[in-house]
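As structure tokens, the structure follows; a few thoughts come after it.
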Amino acid sequence: MSRQDEARAFHYAVYEAVQLIPQGRITTYGHIAKLIYKPRNSRQVGQALKFLPREGQEHEYPYSTANVPWWRVVSSAGVISPREGGAVQLQADLLRQEGVEVDGNNKLKLSEFGWFPETEFDEYD
DNA sequence: CGCTTGACCTACG
DNA sequence: CCGTAGGCCAAGC
């Protein structure tokens with residue numbers, strides 16, 4: 001399996017896990033990493049979302065912003081990760097649109113809206 | 001091939 | 001509840 005194939009497989013795993021997040025709920029990059037059995041790759045989870053094709057854009061992946069709720073993923077600090085462009089504001093709007101409270105500093109209450117299903121890694125805590 | 005980046009995370013003051 | 005330090009690891013150059 002080539003390195004590129006592995007990267008694609010990782011991206012697909014991330015997108016599939018993100019699709020599991022219920023509407024009106026949020027989870028973290030780190031938790032998605034655990035769900036796909038790559039607990040030390042939280043950074044790459046963010047990277048995968050960055051590579052998620054924008055709706056309408058030409059791409060090979062069977063995933064895009066049209067079928068992956070990328071806005072339901074935030075940092076472990078419960079904050080919408082800062083980045084270039086208007087993506088942050090869009091994410092805040094999409095979350096509020098489904099009932100998730102976002103304050104003026106883009107902070108969210110993980111204790112209230114967090115979605116953290118059990119993972120096999122939790123057994124080693 | 002080595003070095004820098006970055007939608008991250010935990011531990012510690 | 002900040003802010004910092006160190007660790008992590010694929011992608012880009």
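Values below: all heavy atoms of this structure, side chains included; hydrogens, waters and symmetry mates excluded. Order of the sequence lines sets the chain letters (A, B, ...), proteins ahead of strands, with each chain counted from 1.
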*asked:* Let's see if you can work this out: which of B:dG6, B:dC8, B:dA7 has an atom nearest to the side-chain heavy atoms of A:Gln44?
replied: B:dG6
_Nearest-angstrom distance from the residue atom OH of A:Tyr29 to P of C:dG7_ = 24 Å
*Take atom CD of A:Gln4 as the centre, draw a 6.0 Å sphere, and report whether it contains more than 12 heavy atoms from other residues, nucleotides or ligands.*
no
*Rounded to whole angstroms, how far apart are CD1 on A:Ile80 and P on B:dG6?*
20 Å
_Taking 4.0 Å as the cut-off, does a side-chain nitrogen or oxygen of A:Ser76 come that near to OP1 or OP2 on B:dC9?_
yes
*May I have the distance from A:Asn41 (atom CG) to B:dT5 (atom P), rounded to whole angstrom?*
21 Å
*Starting at CD of A:Glu6 and ending at P of C:dC9, how long is that distance when rounded to a whole Å?*
14 Å
*Where the side chain of A:Arg43 is concerned, which of C:dA11, B:dG6, B:dC9 is the nearest nucleotide?*
B:dG6
*asked:* Tell me whether A:Arg96 is salt-bridged to A:Glu101, with the criterion being a basic N under 4.0 Å from an acidic carboxylate O.
replied: no
*Look at all strands and tell whether A:Arg40 reaches a base, only sugar-phosphate, or nothing, counting heavy atoms closer than 4.0 Å.*
sugar-phosphate
_As a test of reading the structure: which of B:dA7, C:dA11, B:dC8 is closest to the side chain of A:Gln91, going by heavy atoms?_
B:dA7
_Which nucleotide wins on minimum distance to the side chain of A:Lys107, given the candidates C:dC2, B:dC9, B:dA7?_
C:dC2
*Rounded interatomic separation in angstrom, taking CG from A:Asp5 and C1' from C:dA10*: 15 Å
*What integer distance in Å separates A:Arg8:CZ from C:dA11:C1'?*
17 Å
*Which nucleotide, B:dC8, B:dC9, C:dA11, lies nearest any side-chain atom of A:Ser81?*
B:dC8
*What is the distance from CH2 of A:Trp70 to P of B:dC8, rounded to the nearest Å?*
14 Å
*Would you indicate what A:Ala77 reaches in the nucleic acid, counting non-hydrogen atoms under 4.0 angstrom: base, sugar-phosphate, or nothing?*
nothing
*Once the angle between the rings of A:Tyr63 and A:Tyr15 is folded into 0 to 90°, is it parallel (under 30°), tilted (30 to 60°) or perpendicular (over 60°)?*
tilted
*For B:dC8, does either OP1 or OP2 sit under 4.0 Å from a side-chain N or O belonging to A:Thr28?*
no
*Atom CD of A:Gln57 with >12 non-hydrogen neighbours under 6.0 angstrom*: yes
_Distance, rounded to the nearest Å, where A:Lys34 contributes NZ and C:dC9 contributes C1'_ = 17 Å
*Strictly under 6.0 Å, is that where the ring centroids of A:Tyr61 and A:Phe51 end up?*
no
_Measuring from the side chain of A:Lys50 (C-beta onward, heavy atoms only), which nucleotide among B:dA7, B:dC9, C:dG12 has the closest atom?_
B:dA7
